[in-house]
Amino acid sequence: MMTIQVRLAQPTDESAVNALWQSARQRLHDEKIPQWQGEYPGIADFENDLHTGEGRVATLTDGTVVGYAALVTEPDPNYAQIDGQWLTQGNAYATIHRFVVSATHLHHGIGSDFMAQLIAETRKNHLPSVRIDTHAVNLPMHHLLGRFSFQHTGTVYMLDDGTARDAFELLL
């Protein structure tokens, strides 16, 4: 297993993060997973994450960026309505968005280590849970979430285009 560090994203990470997203977009397309096949996620999302302090990068010891995620602590409007039921009520939770790991570093434990560190940061901030959503056919993400005992709580629909996502929550 490779060792990573997780830190706040910086403006100098933009090209590396964009490359991760482009590679993931192609990988998802090749696996017939309809996730990220449009403009999302993109540079505007990265810049917003920088502005809000939500962007996190996973780096190797040499500084190479091998992962990215947004760790959001504000309520997600997409999660206000759910076909199902969240495990927690109210607006105190963290959400992980735009989670990606470098294609050249898949199956080296980086995704698990990165997720574990994001969960640990959430726990340290005394939030009761972590929520995340993904496409129903994104089985690699379902598998990762299962490793951390995230529970499938239902379906949420994205406000911008109405597409369905499987919703998950982990009690801390």
Side-chain angles (χ1 to χ4, degrees), residues 9 17-52 54-58 67-103 106-107 110-112 114-119 121-123 125 127-172:
V17 169
N18 193 46
L20 290 175
W21 285 335
Q22 294 302 328
S23 176
R25 188 171 278 118
Q26 185 62 51
R27 186 171 67 249
L28 291 166
H29 175 268
D30 293 348
E31 294 175 9
K32 302 199 181 341
I33 299 170
Q35 197 164 344
W36 293 3
Q37 295 307 299
E39 298 297 314
Y40 176 87
I43 297 302
D45 299 298
F46 178 78
E47 290 173 352
N48 183 65
D49 294 346
L50 284 178
H51 176 75
T52 59
E54 296 167 343
R56 303 290 185 276
V57 292
Y68 182 83
L71 185 61
V72 181
T73 57
E74 294 297 316
D76 189 320
N78 291 295
Y79 293 177
Q81 299 293 319
I82 183 171
D83 286 349
Q85 185 173 348
W86 293 112
L87 303 175
T88 58
Q89 302 305 311
N91 292 324
Y93 60 88
T95 305
I96 297 172
H97 284 303
R98 298 179 279 290
F99 186 91
V100 65
V101 172
S102 164
L106 291 176
H107 312 295
I110 289 173
S112 292
F114 191 18
M115 183 67 72
Q117 290 190 48
L118 294 170
I119 292 168
E121 182 178 344
T122 302
R123 188 175 279 121
N125 289 327
L127 291 168
S129 72
V130 179
R131 295 179 182 178
I132 194 167
D133 67 81
T134 192
H135 274 261
V137 295
N138 189 340
L139 299 183
M141 183 55 102
H142 281 242
H143 177 74
L144 178 64
L145 297 174
R147 292 182 67 191
F148 286 91
S149 300
F150 275 83
Q151 295 181 51
H152 183 259
T153 57
T155 304
V156 292
Y157 298 89
M158 300 298 100
L159 295 174
D160 61 345
D161 63 7
T163 58
R165 300 286 190 279
D166 282 355
F168 295 84
E169 189 169 16
L170 174 67
L171 294 176
L172 300 179

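Below, all heavy atoms of this structure are taken into account, side chains as well, without hydrogens, waters or symmetry copies. Just so we're clear, the structure is a prediction, and the values are computed from it rather than from any experiment.
Within the structure, every pair that satisfies the salt bridge (Lys or Arg N to Asp or Glu O under 4.0 Å) test and touches residues 28-52, not counting sequence neighbours, is listed here: Asp49-Arg98. Identified under the side chain to side chain donor-acceptor pair (under 3.5 Å) test for residues 148-157, with sequence neighbours left out: Asp83-Tyr157.
Residues that satisfy the side-chain hydrogen bond (donor to acceptor under 3.5 Å, both in side chains) test with Glu54, not counting sequence neighbours, are Thr52. Partners of Ala92 by side-chain contact (heavy atoms from CB on, under 4.5 Å), not counting sequence neighbours, listed by chain and number: Leu127, Pro128. The side-chain hydrogen bond (donor to acceptor under 3.5 Å, both in side chains) test applied to Asp160 returns no partner, not counting sequence neighbours. His142 is linked by a ring-ring contact (aromatic ring centres under 6.0 Å, His included) to Phe168, counting only residues two or more places apart in sequence or in another chain.
Minimum interatomic distance between Leu71 and Ala94 (heavy atoms only, all atoms of both residues): CD1-CB, 4.1 Å. Between Val101 and Leu20, the closest heavy-atom pair is C-CD2, 4.4 Å. Here the closest non-hydrogen pair linking Ala167 and Trp86 is CB-CH2, 3.5 Å. Of all heavy-atom pairs spanning Asn91 and Pro75, the tightest one is CB-CG, 3.4 Å. Summarising the geometry of Ala136 relative to Asp166, their closest heavy-atom pair is CA-OD2, 3.4 Å, with the distance given to 0.1 Å.
In this structure the side chain of Leu170 never reaches within 4.5 angstrom of the side chain of Arg131, judged on heavy atoms. Looking only at side-chain heavy atoms (C-beta outward), Pro41 and Phe46 stay at 4.5 Å or farther from each other.
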Does the side chain to side chain contact (heavy atoms under 4.5 Å, CB included) test come out yes or no for Trp36 and Val100, once each step is laid out? CA-CA 11 Å; Trp36 293 3; Val100 65; 4.0 Å; yes
Report the C-alpha distance between Phe150 and Leu144 in whole Å, list the side-chain angles of each, state the deciding distance to 0.1 Å, and finish with yes or no for side chain to side chain contact (heavy atoms under 4.5 Å, CB included). CA-CA 9 Å; Phe150 275 83; Leu144 178 64; over 6 Å; no
Please report the C-alpha distance between Leu145 and Met115 in whole Å, then the side-chain angles of each, then the deciding distance to 0.1 Å, and finally whether the side chain to side chain contact (heavy atoms under 4.5 Å, CB included) criterion is met. CA-CA 9 Å; Leu145 297 174; Met115 183 67 72; 4.1 Å; yes
Test side chain to side chain donor-acceptor pair (under 3.5 Å) on Ser112 and Arg147; report intermediate values, then the result. CA-CA 8 Å; Ser112 292; Arg147 292 182 67 191; 2.7 Å; yes
Where do Ile96 and Val130 land on the side chain to side chain contact (heavy atoms under 4.5 Å, CB included) test, with the steps shown first? CA-CA 7 Å; Ile96 297 172; Val130 179; 3.7 Å; yes
Asp133 vs Tyr79, test: side chain to side chain donor-acceptor pair (under 3.5 Å). Steps then yes/no. CA-CA 9 Å; Asp133 67 81; Tyr79 293 177; 2.4 Å; yes
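Separation of atoms CE (Met158) and OG1 (Thr163) is listed at 6.0 Å; rounding is to 0.5 Å. To the nearest 0.5 Å, the span separating CD1 on Ile82 from CD on Glu169 amounts to 8.0 Å. Atom CG of Leu118 and atom OG1 of Thr95 lie 12.0 Å apart (nearest 0.5 Å). Atoms CD and OG, on Gln89 and Ser129 in that order, are 10.0 Å from each other to the nearest 0.5 Å. Of the inter-residue distances, the one linking Arg56 atom CZ with Phe99 atom CZ reads 13.5 Å to the nearest 0.5 angstrom. One finds the CH2 atom of Trp21 at 6.5 Å from the CD1 atom of Ile43 (value rounded to the nearest 0.5 Å).
For the 3.5 Å distance criterion, the side chains of Arg25 and Ser23 fail to qualify, holding no donor opposite an acceptor.
Using a distance-only test at 3.5 Å, with no hydrogens or angles considered, a donor-acceptor pair links the side chain of Gln37 to the main chain of Gln35.
Here Tyr68 and Phe114 keep their ring centres 6.0 angstrom or further from each other.
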